[in-house]
Amino acid sequence: MKARYSVVVPMYNEEEVIQHTYERLKKVMDECGDSYELVFVNDGSRDRTAEIIRGISSRDANVKLVDFSRNFGHQVAITAGMDYAEGQAVVVIDADLQDPPEVILQMIAKWKEGYEVVYAKRLKRHGETLFKKVTAKLFYRLLSSMTSVEIPTDTGDFRLIDRKVCDVLRGLKEKNRYVRGLVSWVGFRQTMVEYVREERFAGETKYPLKKMVRFALDGITSFSHKPLKIASYVGFFLAFSSFLYLFFILFQKLFTTWAVPGWTSIVGVNLLFNGIVLMLLGVIGEYIGRIYDESKDRPLYIVRETRGYEDGEYINKREGIRNER
Ligand code: UDP
Ligand code: MG
């Protein structure tokens, strides 16, 4: 029988928190009184994450495991979780208990009122570095100033979506996935609950600066053409001013006797313009790289094994090979 609620938990090297996360989630979900499943997606962890989940899943039939062949990234892990989730409502939550599982009950209440997307807005963030808080804040402001899709600020991927929304999201084929943006983009009746983001229960963040930058670039380039526009404005402005400058130097050459002292300005202008041109090429390169990714049409992720599903029935789910039940 299909569970009514699915809770998707992406995990990357989370051996220290799993047991605890499982117990907290189980407690909350038992309280809600309906059938549920916990879909743990192991995103190519190098520690004992998969092993521990396998153990839990052999004791608790509500627990399922989707084990990736390598690390594909947080957003892809969430996507896989949505692919495998069977519930009428699907909740995505981080493994580290920074998002309190108890909030799920509030989300379910809103869902029962008829909302199709319930996202959780962070009122405060506890136990995160100042750097993370500031960059996150700036990023969400920057993103919202650049896109026409209204992506709520200060919300992560902690949210509940209805089956309908989940199916629509699964149909979106893009590879550079910025899930929270996609959820906003699809529309439907959306509402929010507020919560305070807690400290990580154990272990450390799995989002080093490199992944944060990648994530930010995905968010901006998937939802905005502004950087390209800015690139062309800057280019246009530069071309125009160099044209003016050309007149100036021609005038200088023909009608005045101020000779060689042009060296500084030539080098200066050269450096400045070359720098800007390279920067703009970089912006264009970001987009072209993403077009390339999309055109390759490789699967988004590769599953090594699943637990809790009959006979690997769900393997290659995204490719549409499985049988519909
Ligand atoms: N995560 C993942 N793959 C990755 C990085 C992170 O599945 O490549 C998971 C991680 O296990 C956690 C969630 O994504 O459940 C959020 O990561 P984390 O808590 O480290 O990020 P932060 O809260 O510091 O932004
Ligand atoms: Mg965290």
Side-chain angles (χ1 to χ4, degrees), residues 6-25 38-53 56 63-85 90-101 103-104 119-140 143 153-159 175-180 195-219 300-304:
S6 303
V7 181
V8 169
V9 194
M11 296 203 154
Y12 180 54
N13 295 344
E14 299 284 11
E15 60 181 6
E16 291 160 277
V17 306
I18 298 175
Q19 188 60 34
H20 201 80
T21 305
Y22 161 66
E23 282 160 21
R24 279 269 294 275
L25 280 172
L38 306 178
V39 182
F40 290 110
V41 181
N42 174 36
D43 186 9
S45 304
R46 275 159 223 237
D47 61 2
R48 294 177 53 247
T49 300
E51 207 180 311
I52 299 172
I53 302 171
I56 297 174
V63 173
K64 301 180 176 172
L65 165 69
V66 177
D67 191 24
F68 280 0
S69 62
R70 65 166 170 86
N71 180 249
F72 281 90
H74 179 206
Q75 300 293 302
V76 176
I78 293 175
T79 306
M82 289 181 184
D83 286 346
Y84 281 80
V90 179
V91 178
V92 176
I93 189 169
D94 280 359
D96 56 5
L97 293 173
Q98 283 193 288
D99 311 325
V103 177
I104 295 176
Y119 56 88
K121 193 172 168 75
R122 300 184 277 253
L123 286 177
K124 267 204 201 121
R125 296 174 148 222
H126 284 315
E128 286 182 304
T129 58
L130 185 68
F131 177 74
K132 176 114 186 180
K133 286 187 205 173
V134 171
T135 48
K137 196 134 211 138
L138 282 179
F139 168 65
Y140 288 115
L143 182 64
T153 51
D154 304 319
T155 55
D157 288 307
F158 183 28
R159 61 187 72 217
K175 303 279 187 314
N176 291 296
R177 292 184 89 82
Y178 183 68
V179 176
R180 55 195 83 165
Y195 76 110
V196 175
R197 189 157 164 98
E198 297 297 336
E199 222 165 299
R200 198 170 227 290
F201 176 70
E204 52 193 47
T205 178
K206 306 300 179 301
Y207 258 100
L209 187 62
K210 202 170 123 204
K211 276 190 183 166
M212 269 167 65
V213 170
R214 200 179 157 85
F215 177 70
L217 280 178
D218 274 342
L300 207 50
Y301 54 82
I302 300 167
V303 174
R304 177 193 293 128

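Read the numbers this way: they start at 1 and go in the same order the structure lists the ligands and their atoms. Starting from 1, each residue takes its place in the sequence as its number.
- At the shortest separation from atom 14 (O) of ligand 1 among protein heavy atoms lies His74 CD2, 3.1 Å.
- In terms of heavy atoms, Ile78 sits closest to Pro10 at CG1-CG, 4.2 Å.
- Here the shortest heavy-atom pairing between Met11 and Ala95 reads CE-CB, 3.7 Å.
- Scanning all heavy atoms of the two residues, the minimum distance from Thr49 to Glu15 falls at OG1-N, 3.5 Å.
- Only the side chain of Arg197 comes within 4.0 Å of ligand 1, counting heavy atoms alone; its backbone N, CA, C and O stay farther away.
- Listed by number with element, the atoms of ligand 1 under 4.0 Å from a non-hydrogen atom of Gln98 are 19 (O), 22 (P), 23 (O).
- For ligand 1 and Asn71, the ligand atoms under 4.0 Å from any heavy atom of the residue are 3 (N), 4 (C), 8 (O).
- In this pair, Phe68 and Tyr301 present their aromatic rings parallel. The plane angle is below 30°, not in the 30 to 60° band.
- For Ala77, no nitrogen or oxygen atom sits less than 3.5 Å from a nitrogen or oxygen atom of ligand 1, counting backbone and side chain alike.
- When each atom of ligand 1 is checked for a heavy atom of Met11 under 4.0 Å away, the hits are 7 (O), 11 (O).
- Within 6.0 Å of the NZ atom in Lys133, the count of heavy atoms belonging to other residues, nucleotides or ligands exceeds 12.
- The protein atom (non-hydrogen) at minimum distance from atom 8 (O) of ligand 1 is Lys211 NZ, 2.7 Å.
- With a cut-off of 2.8 Å, the Mg ion (ligand 2) has no N, O or S atom of Asp94 in range.
- From the protein, the heavy atom lying nearest to atom 1 (N) of ligand 1 is Tyr12 CB, 3.8 Å.
- Listed by number with element, the atoms of ligand 1 under 4.0 angstrom from any heavy atom of Gly73 are 3 (N), 8 (O).
- Summary of contacts: the protein heavy atom closest to atom 18 (P) of ligand 1 is Arg200 NH2, 3.5 Å.
- Between the side chains of Tyr12 and Asn71, not a single donor N or O lies within less than 3.5 Å of an accepting N or O.
- Shortest contact from atom 24 (O) of ligand 1 to any protein heavy atom: Thr205 OG1, 2.6 Å.
- For ligand 1, one of its N or O atoms has an N or O atom of Ala95 under 3.5 Å away.
- Shortest non-hydrogen contact noted between Met82 and Val92 is CE-CG2, 4.0 Å.
- Leu300 approaches Val76 most closely through the heavy-atom pair O-CG1, 3.5 Å.
- Ranking the protein heavy atoms by distance from atom 9 (C) of ligand 1 puts Pro10 O, 3.9 Å first.
- From the protein, the heavy atom lying nearest to atom 12 (C) of ligand 1 is Glu14 OE2, 3.4 Å.
- The protein atom (non-hydrogen) at minimum distance from atom 13 (C) of ligand 1 is Asp94 OD1, 3.5 Å.
- Side-chain contact of Gln75 with Arg177: a donor-acceptor pair under 3.5 Å is absent, judged by distance alone.
- Contact between Arg304 and Ser69 at its shortest, heavy atoms only, is NH2-O, 3.6 Å.
- In this structure, Arg70 is positioned above the aromatic face of Phe72, its NZ or CZ under 6.0 Å from the six-membered ring centre and within 45° of the axis.
- When the N, O or S atoms of Asp96 are ranked by distance to the Mg ion (ligand 2), OD2 comes first.
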